[in-house]
Engineer: 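Before anything else, here's the structure in question.
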Amino acid sequence: MPRLSQASYDDRAAFSAEVLKEIVPKIIIANGIDPATLETEVTPGGYLLKTNASLQTEGDLDDTAADRLAGSLGYVFRQYSVLASRLDDTTGKTGFVVVRFPQDSLNATVAQKFFEAADATKKGLGGGYTAFGDEQIFLNVTNTEGKPYSGLDDATFEDGLKRAASSFGDPEPKISSSGKATARFIGNDWEASKRGEDYQSLLGGPDSELVKKLDEIGKDYASLVAKTAESNGWNRDE
């Protein structure tokens, strides 16, 4: 889609809202979960100093079910990775900081502005964030060797965000919580594994009932992508 890069945040958020309505419940049901037990929002999400419309799901799931659902979402949406996290896991090894903004003040513009301010305060804080409601959540996620992608230890990571919050201005953010969490990326390298083999392995293999259901849902998603791309002009080469 040659013109997708020109799409506004609002256009991307509108598409994500359609995906949330039409596709996400089907994926949740395929996993044997009642969609009413989970809360999913279209919310700003950041990666490498760029904010995009993203989907965040919250629910009371064990690790196996959470990873399977994350893998299912990644498989259908052709994501390179999906972040699964548990902020209330005191035995976790991933540092986190929650930045809370005044009620109803955190939107994509504010989130991006703080994202940039954080990275300007301390290089390494522009890696990524998630958001839920009026909270912007920064996780100091580590690689398989236990080294943070940010290049910062947890204390420096938290200190940088505290300094960014104190100097940010309006709307005035506060550090509402910090500590240790469990966080991991569930992913697939689509260049090397073009059929989503890494996800398929997690989901029971290519011939599993779950993967078969997801393949059918994937057709619905592809149709929604094609319809939206046509109506928004994302597929025009001009």
Side-chain angles (χ1 to χ4, degrees), residues 1-48 50-59 61 64-85 108 128 130-132 184-237:
M1 291 183 281
R3 296 181 65 186
L4 179 59
S5 62
Q6 302 171 27
S8 69
Y9 178 89
D10 288 344
D11 284 343
R12 292 169 183 264
F15 172 66
S16 297
E18 282 294 304
V19 171
L20 173 55
K21 177 184 175 183
E22 302 293 339
I23 307 298
V24 171
K26 296 178 182 179
I27 298 173
I28 294 172
I29 291 169
N31 277 267
I33 301 169
D34 179 358
T37 64
L38 302 178
E39 179 184 357
T40 304
E41 296 181 359
V42 177
T43 176
Y47 178 66
L48 297 181
K50 181 179 177 63
T51 289
N52 208 341
S54 66
L55 294 169
Q56 304 290 342
T57 297
E58 186 174 41
L61 301 173
T64 299
D67 287 358
R68 189 167 56 237
L69 178 58
S72 297
L73 293 163
Y75 182 65
V76 171
F77 298 146
R78 297 303 190 258
Q79 295 287 118
Y80 273 78
S81 64
V82 177
L83 178 64
S85 62
T130 60
F132 230 102
R184 56 190 171 274
F185 286 109
I186 312 299
N188 181 83
D189 183 346
W190 289 96
E191 294 181 8
S193 303
K194 299 183 184 302
R195 295 191 303 275
E197 289 90 340
D198 295 334
Y199 284 136
Q200 288 178 347
S201 177
L202 173 67
L203 303 173
D207 298 321
S208 68
E209 286 303 312
L210 177 54
V211 169
K212 289 178 182 178
K213 291 177 181 178
L214 296 175
D215 284 338
E216 291 303 309
I217 297 169
K219 295 176 184 177
D220 295 336
Y221 176 60
S223 296
L224 182 59
V225 170
K227 183 180 84 170
T228 306
E230 178 65 29
S231 63
N232 288 352
W234 295 342
N235 58 351
R236 294 176 196 154
D237 189 8

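Atoms considered below: every heavy atom in the structure, side chains included; atoms not considered: hydrogens, waters and symmetry mates. Just so it is clear, the structure is predicted and the values come from calculations on it, not from any experiment. One-based numbering along the sequence shown.
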Engineer: Where is the tightest heavy-atom contact between E230 and R236, given as atom of each residue plus distance?
Structural biologist: O-NH2, 3.7 Å
Engineer: Under the side-chain hydrogen bond (donor to acceptor under 3.5 Å, both in side chains) rule, collect the residues that match up with K26, sequence neighbours excluded.
Structural biologist: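 Listed in chain order: D220.
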Engineer: Heavy atoms, side chains only, cut-off 4.5 Å: are V225 and F77 in contact?
Structural biologist: no
Engineer: Out of curiosity, L20 CG to E18 CD, how far, rounded to the nearest 0.5 Å?
Structural biologist: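 It is 9.5 Å, given to the nearest 0.5 Å.
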Engineer: With sequence neighbours excluded, what pairs up with K219 under the salt bridge (charged side-chain N to carboxylate O under 4.0 Å, His left out) test?
Structural biologist: E216
Engineer: With a 4.5 Å limit on heavy-atom distance, are the side chains of L69 and L38 in contact?
Structural biologist: yes
Engineer: Which residue pairs pass the salt bridge (Lys or Arg N to Asp or Glu O under 4.0 Å) test with at least one member in residues 69-83, sequence neighbours excluded?
Structural biologist: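 Every candidate salt bridge (Lys or Arg N to Asp or Glu O under 4.0 Å) pair involving residues 69-83 fails, so no pair, neighbours aside, qualifies.
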Engineer: Do you know which two heavy atoms are closest between P25 and P35, and how far apart they sit?
Structural biologist: O-CG, 4.0 Å
Engineer: Got a sec, which pairs hit side-chain hydrogen bond (donor to acceptor under 3.5 Å, both in side chains) with one end in residues 29-48, sequence neighbours left out?
Structural biologist: N31-S72, T40-T57
Engineer: So, for S81 and F185, which heavy atoms are closest and what is the spacing to 0.1 Å?
Structural biologist: OG-CD2, 3.7 Å
Engineer: Quick one: closest heavy-atom pair of A70 and I186, and the distance?
Structural biologist: CB-CG1, 4.0 Å
Engineer: Is there a side-chain contact between D189 and Y80 in this structure, where contact means two heavy atoms from C-beta onward sitting under 4.5 Å apart?
Structural biologist: yes
Engineer: Return the minimal non-hydrogen interatomic distance between V42 and A53, and the atom names on each side.
Structural biologist: CG1-CB, 4.5 Å
Engineer: Check whether any side-chain heavy atom of L73 lies under 4.5 Å from a side-chain heavy atom of L55, and answer yes or no.
Structural biologist: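 No, side chains not in contact.
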Engineer: I want to check something: taking the side chain as every heavy atom from C-beta on, are F15 and V19 in contact at a cut-off of under 4.5 Å?
Structural biologist: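 They are in side-chain contact.
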Engineer: Looking at S16 and R12, would you say the former's side chain and the latter's main chain have a donor-acceptor pair under 3.5 Å?
Structural biologist: yes
Engineer: Using a 3.5 Å distance criterion without hydrogens, assess whether the side chain of W190 forms a donor-acceptor pair with backbone atoms of G196.
Structural biologist: no
Engineer: With heavy-atom distances below 4.5 Å as the criterion, would you say the side chains of L214 and Y199 are in contact?
Structural biologist: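 Contact flag for L214/Y199 side chains = no.
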Engineer: For a quick test of reading the model, state the closest non-hydrogen atom pair linking I217 to A30 and the distance between them.
Structural biologist: CD1-CB, 4.1 Å
Engineer: Indicate yes or no: at least one non-hydrogen side-chain atom of L202 is less than 4.5 angstrom from one of N188.
Structural biologist: no
Engineer: Kindly say whether R195 contributes a backbone atom to a donor-acceptor pair with the side chain of E197 at under 3.5 angstrom?
Structural biologist: yes
Engineer: With salt bridge (Lys or Arg N to Asp or Glu O under 4.0 Å) as the rule and sequence neighbours excluded, what pairs involving residues 66-76 come up?
Structural biologist: D67-R184
Engineer: Is S201 reaching over with its side chain to a backbone N or O of D198, donor-acceptor style, under 3.5 angstrom?
Structural biologist: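 The answer is no, because no donor-acceptor pair under 3.5 Å joins these two groups.
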Engineer: What I'd like to find out is whether the side chain of Y75 reaches to under 4.5 Å of the side chain of I27, using heavy atoms alone.
Structural biologist: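 When only atoms from C-beta onward are counted, I27 and Y75 do not touch, as no gap falls below 4.5 Å.
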Engineer: Under the ring-ring contact (aromatic ring centres under 6.0 Å, His included) definition, can you give me all pairs with a residue in residues 20-46, not counting sequence neighbours?
Structural biologist: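 Counting only pairs at least two positions apart or across chains, no ring-ring contact (aromatic ring centres under 6.0 Å, His included) contact touches residues 20-46.
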